Amino acid sequence: MEVLYNSTRSKKNPVKASEAILKGLSEDGGLFVPDRIPALDKTLEELSEMTYGQVAYEVMKLYLTDFTEEELKECIAKAYDEKFDTEEIAPMVEAEGAYYLELFHGATIAFKDMALSILPHLLTTSAKKNHVSNEIVILTATSGDTGKAALAGFADVKGTRIIVFYPKNGVSKIQEKQMVTQKGKNTYVVGIHGNFDDAQTGVKQIFGDKELAAYMDEKGFQFSSANSINIGRLVPQIVYYVYSYVKLLKEERILSGEKINVVVPTGNFGNILAAFYAKQMGLPIHRLICASNENKVLFDFFQSGTYNRNREFVLTSSPSMDILISSNLERLIYRISGNDSEKNGELMAALSNGGAYTITDEMKNQLVDFYGNYADEQETAKTIHDLYERTGYVIDTHTAVASCVYGKYKEETKDTKTTVIASTASPYKFTRSVINAINCQYDAMEDFELVDELSRLSGVEVPKAIEEIRKAPVLHDHICDKTQMKQMVMEFLGI
């Protein structure tokens, strides 16, 4: 059965998967959602005998129904190859009774590689299928990880250009160095004076500019997105939750059908939404544990039913989660409203105009699968320190937020079900924060000295992604005000 995609803000004109991927965002500002969540059509036992790539095909074919088997398998083969430093793509490490799903073994050592390795291939295939002759301009806002992963995925991909905006003082030094040293004639990177929400809002405004879209088309360009607002980013993320479950099954850590918990460090809500979709497909997940840092807008939402971004923005040691507008939450709101685009549109307008909205009690009752909590900076550092001291296993700051929140969940609920924690970045991406948490005596060292020290402490070889940027020249030094983003885009395109 074909799956079509509707906007969360309109019932008009459902589109095919390839069209939704090409557009990125609906013309009315809504996000594309599948008209139904398809059920897994292979048994968990059958899936447990498959490689990561094979599981990816079995999950993604159910959503991307206008792709042929050959097209989809070719995209998967190109994505999940030697770019990853482990054959199994997403290995799991057991530590203190939880399973850390390491999603950072790709080219840029963050979980964004899991989807952004395949998105360029899905996008260029979609362009061919829809006879698009325009050059596709990927426009992306990043809180640190999406930017580099998107740049690496799209660098020198024929028929595309990519422009990434990031908060100039809101990412780690390693994250920034990864982006500003990116090669590729079609790549552009800009630091903005503002935070991630400013960058994300600016990108959405550019997408919603109909006059600009018409002018771009006239000049032979069209926009698409590499953010998780693009359904082509979200669907591949569902795969690793299915894979983690069937891997536990294959290794006889769980019985078939046994429910597990999933813990996800969450900012823009895409990664945990993918786990929610996996559960809706029939994956036996008990609780979806949403872990926030001190920007705890999601924790407050799950507690009260009110989403309110009117608060102080906090720069933390887990910058990829320093977000007050969680774009992908809109997809969940749409679903719990009964796929009511009008109701969802009202709530999103309230968020846009006043910075807050409150869901109904009926909608709140549908969030029982979710548990929300948060970790402050001190708790995050302590979690890294204590896990290392007890086990020798080193985790990054975002994973530490998830690990800490899982501890709070266990204490509150006494739930001892098998639990998978999404480990979203290599500790090498946030070396200074990680090292300081383990032992602050190293604080005077330079960033790359800390990299070598972390390798010594952890016994883990320095990833290729870090070695590559150690002495790489800066190729992108553009900085602009948040009000100048459109101007920068037009300048880069020469229009």
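As a basis for the values below, the full set of heavy atoms in this structure was taken, side chains included, without hydrogen atoms, waters or symmetry mates. If you read the sequence from its start, that first residue is 1, and numbering goes on from there. Predicted model only: the values in this text are computed from it and were never measured.
Between the side chain of Thr431 and the backbone N or O of Tyr428 there is at least one donor-acceptor pair closer than 3.5 Å. In this structure a side-chain-to-backbone donor-acceptor pair under 3.5 Å is missing from Ser133 to His131. Distance alone, capped at 3.5 Å, is enough to place a donor-acceptor pair between the Thr8 side chain and the Leu31 backbone. Put simply, the side chain of Ser304 gets close to the backbone of Asp300: a donor and an acceptor are under 3.5 Å apart. The main-chain N or O of Gly257 is found under 3.5 Å from a side-chain atom of Tyr245 such that the two form a donor-acceptor pair. Looking only at distances, a side-chain donor or acceptor of Asn293 sits under 3.5 Å from a matching main-chain atom of Asn295. A donor-acceptor contact shorter than 3.5 Å links the side chain of Ser337 to the backbone of Tyr334. Between the side chain of Ser224 and the backbone N or O of Ile21 there is at least one donor-acceptor pair closer than 3.5 Å. In this structure, Tyr80 contributes its side chain and Met114 its backbone to a donor-acceptor pair below 3.5 Å. Between the side chain of Thr266 and the main chain of Val264, a donor-acceptor pair closer than 3.5 Å is present.
With a 4.5 Å cut-off on side-chain heavy atoms, Arg233 and Lys112 count as touching. By the 4.5 Å heavy-atom criterion applied to side chains, Asn6 and Asn339 are not counted as neighbours. The shortest side-chain heavy-atom distance between Glu412 and Tyr371 falls under the 4.5 Å cut-off. Inter-residue side-chain proximity for Met321 and Ser143 is flagged as unmet; no heavy-atom pair is nearer than 4.5 Å. Inter-residue side-chain proximity for Glu58 and Val242 is flagged as unmet; no heavy-atom pair is nearer than 4.5 Å. With contacts defined as side-chain heavy-atom distances shorter than 4.5 Å, the pair Tyr240/Phe111 qualifies. Between Lys410 and Thr416, the closest side-chain pair of non-hydrogen atoms is not below 4.5 Å. Contact check for Arg331 versus Leu234: side-chain heavy atoms found under the 4.5 Å cut-off.
A donor atom on one side chain and an acceptor atom on the other are found under 3.5 Å apart for Gln182 and Lys148. Side-chain atoms of Lys204 and Ser327 form a donor-acceptor pair, as typed in the model, at a separation below 3.5 Å. Side chain to side chain, Tyr166 and Gln175 fail the donor-acceptor criterion of an N or O pair below 3.5 Å. With 3.5 Å as the limit, one finds no donor-acceptor pair spanning the side chains of Tyr100 and Thr399. When only modelled atom types and interatomic distance are considered, Ser225 and Asn230 share no side-chain donor-acceptor pair under 3.5 Å. A side-chain donor-acceptor contact under 3.5 Å links Asp66 and Ser18. A side-chain donor-acceptor contact under 3.5 Å links Asn268 and Gln200. Counted by atom type alone, His105 and Asp85 present one or more donor-acceptor pairs between their side chains at under 3.5 Å. Using a 3.5 Å distance cut-off with no hydrogens or angles, the side chains of Asp415 and Tyr409 do pair a donor with an acceptor.
Under a 4.0 Å N-O distance rule, the pair Lys429/Asp145 qualifies as a salt bridge. Taking the charged nitrogens against the carboxylate oxygens, Lys408 and Glu379 do have a contact shorter than 4.0 Å, which makes a salt bridge.
Under the side chain to side chain contact (heavy atoms under 4.5 Å, CB included) test applied with Thr418, the options Glu258, Arg253, Lys259 reduce to a single match, Glu258.
With rounding to the nearest 0.5 angstrom, the CD1 atom of Ile421 is 10.5 Å from the SG atom of Cys404. Remark: Ile174 CD1 to Ile109 CD1 distance equals 8.0 Å, nearest 0.5 Å. With rounding to the nearest 0.5 Å, the separation of CG in Leu332 from CE in Met363 is 8.5 Å. Atoms OH and CD, on Tyr393 and Glu94 in that order, are 11.5 Å from each other to the nearest 0.5 Å. Atom CD of Glu330 is separated from atom CD1 of Ile229 by 10.0 Å, given to the nearest 0.5 angstrom. The structure places OG1 of Thr380 at 9.0 Å from CD1 of Ile395, a figure rounded to the nearest 0.5 Å.
For Glu45, the CD atom sits in a packed shell: over 12 heavy atoms of surrounding residues, nucleotides or ligands are nearer than 6.0 Å. The environment of Glu461 atom CD is sparse: at most 12 non-hydrogen atoms of other residues, nucleotides or ligands sit within 6.0 angstrom. The local environment of CD in Glu342 is sparse, with at most 12 non-hydrogen atoms from other residues, nucleotides or ligands closer than 6.0 Å. Atom NZ of Lys129 has more than 12 neighbouring heavy atoms from other residues, nucleotides or ligands inside a 6.0 Å radius. Few gaps surround NZ on Lys296; more than 12 heavy atoms of other groups in view lie less than 6.0 Å from it. The number of heavy atoms from other shown groups lying within 6.0 Å of CG (Asp156) is above 12. Sparse packing is recorded around NZ of Lys16, with 12 or fewer heavy atoms of other residues, nucleotides or ligands lying under 6.0 Å away. Heavy atoms from other residues, nucleotides or ligands lying under 6.0 Å from CD of Glu411 number 12 at most.
The shortest heavy-atom contact between Ala150 and Leu116 is N-CD1, 3.5 Å. Residues Thr383 and Ala400 come closest through the heavy atom pair CG2-O, 3.6 Å.
By the 30° and 60° cut-offs, the orientation of the rings of Tyr374 relative to Phe299 is tilted. Aromatic ring pairs are classed by plane angle as parallel below 30°, tilted from 30° to 60° and perpendicular above 60°; the pair Tyr357 and Tyr307 is parallel. Between His398 and Phe430, the two ring planes are tilted [angle within 30° to 60°].
Annotation: salt bridge (charged side-chain N to carboxylate O under 4.0 Å, His left out) contacts of Lys78 (sequence neighbours excluded): Glu74.
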| message | Evaluate Leu347 against Lys343 for side chain to side chain contact (heavy atoms under 4.5 Å, CB included), listing each step before the verdict. | response | CA-CA 6 Å; Leu347 294 173; Lys343 175 67 177 170; 4.3 Å; yes
| Chi angles and distances behind the side chain to side chain contact (heavy atoms under 4.5 Å, CB included) call for Ser320, Thr424 | CA-CA 10 Å; Ser320 299; Thr424 52; over 6 Å; no
| said: Let's go through Tyr99 and Ser244 carefully: what are the C-alpha distance in whole Å and the side-chain angles of both, what is the deciding distance for side-chain hydrogen bond (donor to acceptor under 3.5 Å, both in side chains) to 0.1 Å, and is it a yes or a no? | reply: CA-CA 9 Å; Tyr99 293 92; Ser244 66; over 6 Å; no
| query | Going through the distances and angles, do Ile231 and Tyr63 end up as a side chain to side chain contact (heavy atoms under 4.5 Å, CB included)? | reply | CA-CA 10 Å; Ile231 198 71; Tyr63 287 92; over 6 Å; no
| request: Step by step, work out the salt bridge (Lys or Arg N to Asp or Glu O under 4.0 Å) result for Glu19 and Lys23. | output: CA-CA 6 Å; Glu19 295 174 282; Lys23 288 173 184 286; over 6 Å; no
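In this structure, the ring of Tyr277 has its center no less than 6.0 angstrom from the ring center of Tyr241.
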